[in-house]
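Accompanying notes for the structure given below.
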Amino acid sequence: MSDSLLNQCISLVHSLIEENWEHLSALDQAIGDGDHGTNVKRGIDALHADLDRLATKPFGEGLGAAGMTLVMKIGGASGPLFWSLLKGMGEASANEPRTQEDVAKMLRAGTEAVKATGKSDTGMKTMIDVLEPVTLALETRAGITSDEISEVARKAAEDTKALVATKGRAAFLGERSVGHIDPGGQTVALVVESICNEMEKLK
Amino acid sequence: MSDNVAIVIVSHSTLVAQGAKDMAQQMVGDDVKLFACGGTEDGQLGTNVAAISAAFEEAYSDKGVLVIVDLGGAEINSEVAISMLPEEKRSNVRLCDAAIVEGTIMAATEASSGASLSQVCAAAEEYR
């Protein structure tokens, strides 16, 4: 039996973070407390060690369980945010998504859950500034390709540079946060790009 | 002593949480239960939901538990731990918006007099 979609994604993100965690912490050093990469790595390492248990679960439940592992391990504010993202996605998608509409519905639920947990919205220089445009593109651009989704994510992360942080540790810096990419947004964009690349390869 | 509100201190730093607890405990002795939750599971700076949940478990009584936090991550991780409590306990565990050291001391002295959770919370929140 081939690996479940969830486990394939976890393995993919695990390698991605292995390569990028130092860069993510460096971004966080500029406008936060410098531990974003370390925190995300701690979370994904724990998930990667847990693949066998996750493999036994249906897709939606597996996402929920993965979110729970992340919130227990990450140790920073991104823990609860990734937890609500995965929990929201899992609740909206009991089974593996098959169509663009399925993926859009799943991401919408996750994005709204992150907004609720973080008491935040777009424009505050957070991961929501990447989640929202990606979700919106999936909702509104029928037949969007995975390359185009990657491009939306990449641009959205880049666009966080211009924003003044009003949420999270970077909010202490106010105007001085301008010119730096939001680390949480960068992580989300990298994950989106990595999953989209893999989908391109499978074509 | 279970007649008094208990206090859970959540900081990114093990030393800050422990220091705030020690300073308050010195003033109120055994009259108030205080719990220090600082640092991540592997001892780095950060907060640990599992440890916060365990502290809630130990601290809980019907009199209530006040949670004092330092920065954003501590607040949001404490909110997650509260949301994971059984529904009937959630309203007895309250997150307050207070400076961690001064707030802990104010809360502890207020709690030692047998004050209610709302009173203890209000006392702590005089120091934001």
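Per chain, numbering begins at 1; letters A, B, ... match sequence-line order. No experiment lies behind these values; they were computed from the predicted model shown.
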Query raised in the report: Is chain B contacted by the side chain of A:S78, its backbone, both, or neither, given a heavy-atom distance below 4.5 Å?
Result: neither
**Report entry** Side-chain heavy atoms of A:D35 within contact of B:Q44, under 4.5 Å
**Finding:** no
Report summary line: d(A:I74 CD1, B:T47 OG1) to nearest 0.5 Å is 11.0 Å
Report summary line: All heavy atoms of B:V80 vs all of A:V71, minimum pair found to be CG1-CG2, 4.0 Å
Query raised in the report: Any chance CD of A:E96 has more than 12 other-residue heavy atoms, nucleotides or ligands included, within less than 6.0 Å?
Result: yes
Query raised in the report: If you look at every heavy atom in B:N77 and A:A77, which pair is closest and at what distance?
Result: ND2-N, 4.4 Å
Query raised in the report: More than 12 foreign heavy atoms under 6.0 Å from CE of B:M23: is that the case here?
Result: no
Query raised in the report: If you count the non-hydrogen atoms of other residues, nucleotides and ligands that lie under 6.0 Å from CZ in A:F59, is the total more than 12?
Result: yes
**Report entry** Minimum side-chain heavy-atom gap B:V49-A:W83 below 4.5 Å
**Finding:** no
Requested in this report: Please check if atom CD in B:E88 has more than 12 non-hydrogen atoms from other residues, nucleotides or ligands closer than 6.0 Å.
Outcome: yes
Requested in this report: Answer with side chain, backbone, both or neither: which region of A:K119 has an atom nearer than 4.5 Å to a non-hydrogen atom of chain B?
Outcome: side chain
Report task. Answer with side chain, backbone, both or neither: which region of B:I52 has an atom nearer than 4.5 Å to a non-hydrogen atom of chain A? Result -> neither
**Report entry** Residue part contacting chain A, namely of B:I76, when any heavy atom lies under 4.5 Å
**Finding:** both
Requested in this report: Considering non-hydrogen atoms only, spot the tightest contact between A:T117 and B:E79 and give its length.
Outcome: O-OE1, 4.3 Å
Query - Within 6.0 angstrom of B:E57 CD, more than 12 heavy atoms from elsewhere - result: no
